[in-house]
> 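Take this structure, written in structure tokens, and hold onto it; I'll ask about it next.
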2 protein chains.
Amino acid sequence: MERPRRADARRNEESLLEAAAAAFVASGVEAPVRDIAARAGVGTGTIYRHFPTRADLIIAVYRHQVDACAEAGPALLAGGATPHTALARWIDLFVDFLVTKHGLAAVLQSDNAGFEALHAYFLDRLLPVCAELLDAAAASGEIRSDVEAYALMRGVGNLCIGADSDPRYDARRLVGLLVAGLRQAD
Amino acid sequence: MERPRRADARRNEESLLEAAAAAFVASGVEAPVRDIAARAGVGTGTIYRHFPTRADLIIAVYRHQVDACAEAGPALLAGGATPHTALARWIDLFVDFLVTKHGLAAVLQSDNAGFEALHAYFLDRLLPVCAELLDAAAASGEIRSDVEAYALMRGVGNLCIGADSDPRYDARRLVGLLVAGLRQAD
DNA sequence: GAGGAAGCGGAACCTTGTTCCGTTAACGAT
DNA sequence: ATCGTTAACGGAACAAGGTTCCGCTTCCTC
């Protein structure tokens, strides 16, 4: 837990996380590294000492919330609802998370080199959870069983792109349609 | 139709369109302007004389195919199928178009400044068509009537992002689920 | 065949991510 | 308390991408 050895290093890492979170709220996840460094009162080099790449900084900022989402999956399954309901609720959580983070969904799916780490982190953490929920719903016969968790997660993520900043586009409703579309005869 | 007055200008515009199309096939829609200029054997300045921005070049390259897609809509409605089937088929056309153009879907939804023109062109041309199909299907009672054409098009476009370059992600199937999800009681 | 302007090329500029390296200052040992 | 080592810092510099600028070329017209 105590990764940085020197006191100033620990302090700077903390400032950076705070500054990045603030910048992401203010200007979206695509806030320039220089802006974040300026907010934190450090040089750009310091960012790269703590976070090898911008994607790693993003991961660090959202790690807690992603983990919380991952942990909510089993809890929903254990709760009384049917597996399909549990799946739908979990996806709602995921969508809420994505939609409230300016531009995160876009960056998640971006095939620009440099964001594989981000993509991979989300997948590592959330894919197993989604697969568990999906399998349970398929096993109960509520949904078709020919959709992979990966495709579903990615589709949901894609639908969340640009969900803010356009009142005409309601990602939540479309995700709802997609999940509803899962209920079909095999 | 004869916009450029000088012969060399007309020739260059033609070369640029060809070079851009080739570059888009080879490296995706995000091919650097410099590469396209080099392919066409012109300077970068020449690109910007003919196409004020990269987005305008993209529009010019795909204009014909977008128009074809737009014109297919009424034809499908006039054909014998039910409105929902016509809508589904038209969306298939749209998806095929997006999926075969490396990265076009991503750029279409990108909120990066500079691509509004592209977004607007697609919307101007295709939104009325989609709305017509959607209204017909809603009027026939086949689908719920609380989904706007804009949201649907955007959702479909979003689902197509990254559809190439990942065999695990089948955009067509997910779009199918989404369209299936439209068939619901109001 | 000249003159003028339309058009051209590509260097230069801006922004953004990332690297590099000379300098600073934290901290363990004395 | 001081010193020396070295982790850590800051920000200039680099790369890549879009866009702008402007001196030169070349086409068209008279």
Side-chain angles (χ1 to χ4, degrees), chain A residues 2-17 19-20 23-24 26-61 102-103 106-107 110-119, chain B residues 2-17 19-20 23-24 26-61 102-103 106-107 110-119:
Chain A
E2 328 296 317
R3 309 300 304 292
R5 313 242 299 270
R6 254 171 65 170
D8 54 350
R10 220 167 328 192
R11 228 182 307 120
N12 277 328
E13 184 165 330
E14 183 59 29
S15 310
L16 275 170
L17 283 173
F24 292 167
S27 330
V29 176
E30 313 241 22
V33 169
R34 283 169 182 70
D35 290 1
I36 299 170
R39 255 179 207 267
V42 305
T44 59
T46 300
I47 284 199
Y48 285 91
R49 180 165 329 280
H50 290 286
F51 308 98
T53 195
R54 225 174 59 95
D56 297 299
L57 177 56
I58 298 176
I59 292 174
V61 167
H102 242 75
V107 129
S110 146
D111 56 352
N112 291 347
F115 288 107
E116 311 88 12
L118 188 58
H119 194 91
Chain B
E2 327 297 314
R3 309 299 305 293
R5 314 243 298 268
R6 256 170 64 169
D8 55 350
R10 221 164 330 189
R11 227 181 309 120
N12 276 329
E13 184 165 329
E14 183 61 27
S15 310
L16 275 170
L17 283 173
F24 292 166
S27 330
V29 176
E30 312 241 22
V33 169
R34 284 168 181 73
D35 289 2
I36 299 170
R39 254 178 207 268
V42 305
T44 58
T46 302
I47 285 199
Y48 284 91
R49 181 165 325 280
H50 291 286
F51 309 99
T53 195
R54 226 173 59 96
D56 297 297
L57 177 55
I58 298 177
I59 292 175
V61 167
H102 245 75
V107 129
S110 144
D111 55 353
N112 291 348
F115 289 107
E116 311 87 13
L118 187 58
H119 193 91

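A note on names: the letters A, B, ... follow the listed sequences, proteins ahead of strands, and every chain is numbered from 1. None of these values were measured; they are calculated from a predicted model.
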> Could you tell me, to 10°, how much the axis swings from one end of the helix from C/dG1-D/dC30 to C/dT30-D/dA1 to the other, five pairs per end?
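Both end axes considered, the difference amounts to 10°.
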> Any chance you could measure A/R6, atom CZ, to A/N12, atom CG, to the nearest 0.5 Å?
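That separation rounds to 9.5 Å.
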> Tell me the interatomic distance from B/F51, atom CZ, to D/dT20, atom C1', rounded to whole angstroms.
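For the pair B/F51 CZ and D/dT20 C1', the rounded distance is 18 Å.
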> Measure from the side chain of B/R54, starting at C-beta and using heavy atoms only, and say which of D/dT19, D/dC28, C/dT19 lies closest.
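So the nucleotide nearest the side chain must be D/dT19.
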> Quick one: A/R5 CZ to D/dA7 P, roughly how many Å, whole number?
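That distance rounds to 7 Å.
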> Within the structure provided, determine whether B/E14 and B/H50 are in side-chain contact (heavy-atom separation under 4.5 Å).
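Sidechains of B/H50 and B/E14: no contact.
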> Between B/A55 and B/R11, just flag the one whose closest nucleotide in DNA chain D comes earlier from the 5' side.
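The residue closer to the strand's 5' end, by nearest nucleotide, is B/A55.
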> Do B/R49 and B/E13 have side-chain heavy atoms sitting under 4.5 Å apart?
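A side-chain contact is absent here, since even the closest heavy-atom pair is not under 4.5 Å.
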> So, does B/Y48 get its side chain near the phosphate of D/dT19, meaning an N or O under 4.0 Å from OP1 or OP2?
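Affirmative; the distance criterion is met.
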> Suppose we screen for side-chain contact (heavy atoms from CB on, under 4.5 Å). Which residues come up paired with A/S110, at least two apart in sequence or across chains?
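Only A/N112, A/F115 meet the side-chain contact (heavy atoms from CB on, under 4.5 Å) criterion with A/S110.
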> Quickly work out the B/L118 CG to D/dG18 P distance and round it to whole Å.
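Roughly 14 Å, once rounded to whole Å.
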> Is a side-chain donor or acceptor of B/E116 paired with a backbone partner of B/G114 at a separation under 3.5 angstrom?
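Indeed, once roles are kept as given, a pair shorter than 3.5 Å links the two residues.
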> In whole angstrom, give the distance that lies between atom CD1 of A/I47 and atom P of C/dG17.
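It is 9 Å, rounded to the nearest whole Å.
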> To the nearest angstrom, how far is A/N112 atom CG from D/dG18 atom P?
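So the CG-P distance, A/N112 to D/dG18, works out to 11 Å.
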> Please give, in whole Å, the distance from C/dG7 C1' to B/L16 CG?
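The distance from CG of B/L16 to C1' of C/dG7 comes to 13 Å, rounded to the nearest Å.
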> Residues two or more places apart in sequence or in another chain: which of them pass side-chain contact (heavy atoms from CB on, under 4.5 Å) with A/A40?
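side-chain contact (heavy atoms from CB on, under 4.5 Å) check on A/A40 returns A/S15, A/L16, A/A19, A/V42.
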> Tell me every residue that passes side-chain hydrogen bond (donor to acceptor under 3.5 Å, both in side chains) with A/H119, counting only those two or more places apart in sequence or in another chain.
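For A/H119, no residue satisfies side-chain hydrogen bond (donor to acceptor under 3.5 Å, both in side chains) once neighbours in sequence are set aside.
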> A/D56 has an atom CG; how far is it from atom P of C/dT19, in whole Å?
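Going from A/D56 (CG) to C/dT19 (P), I get 11 Å.
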> Kindly give the atom pairs (protein nitrogen or oxygen, nucleotide nitrogen or oxygen) under 3.5 Å for nucleotides 8-14 of chain C.
residue	atom	partner	partner atom	Å
C/dC8	OP1	B/N12	ND2	2.3
C/dC8	OP2	B/H50	NE2	3.3
C/dC8	N4	B/R49	NH2	3.1
C/dG9	OP2	B/G43	N	3.0
C/dG9	OP2	B/T46	OG1	2.6
C/dG10	N7	B/T44	N	3.4
C/dG10	N7	B/T44	OG1	3.2
C/dG10	N7	B/G45	N	3.2
C/dG10	O6	B/G45	N	3.2
C/dA11	N6	B/T44	OG1	3.3
C/dA12	N6	B/R34	NH2	3.4

> Send over the distance from B/E116 CD to D/dG18 C1', rounded to a whole Å.
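Atom-to-atom, B/E116 to D/dG18, this comes out as 14 Å.
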> Of all residues at least two apart in sequence or in a different chain, which pass the side-chain contact (heavy atoms from CB on, under 4.5 Å) check with B/D56?
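Testing B/D56 for side-chain contact (heavy atoms from CB on, under 4.5 Å), a comparison that skips the adjacent residues, returns B/F51, B/P52, B/T53, B/I59, B/A117.
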> Identify all side-chain donor-acceptor contacts of residues 31-39 of chain B below 3.5 Å with residues at least two apart in sequence or on another chain.
none

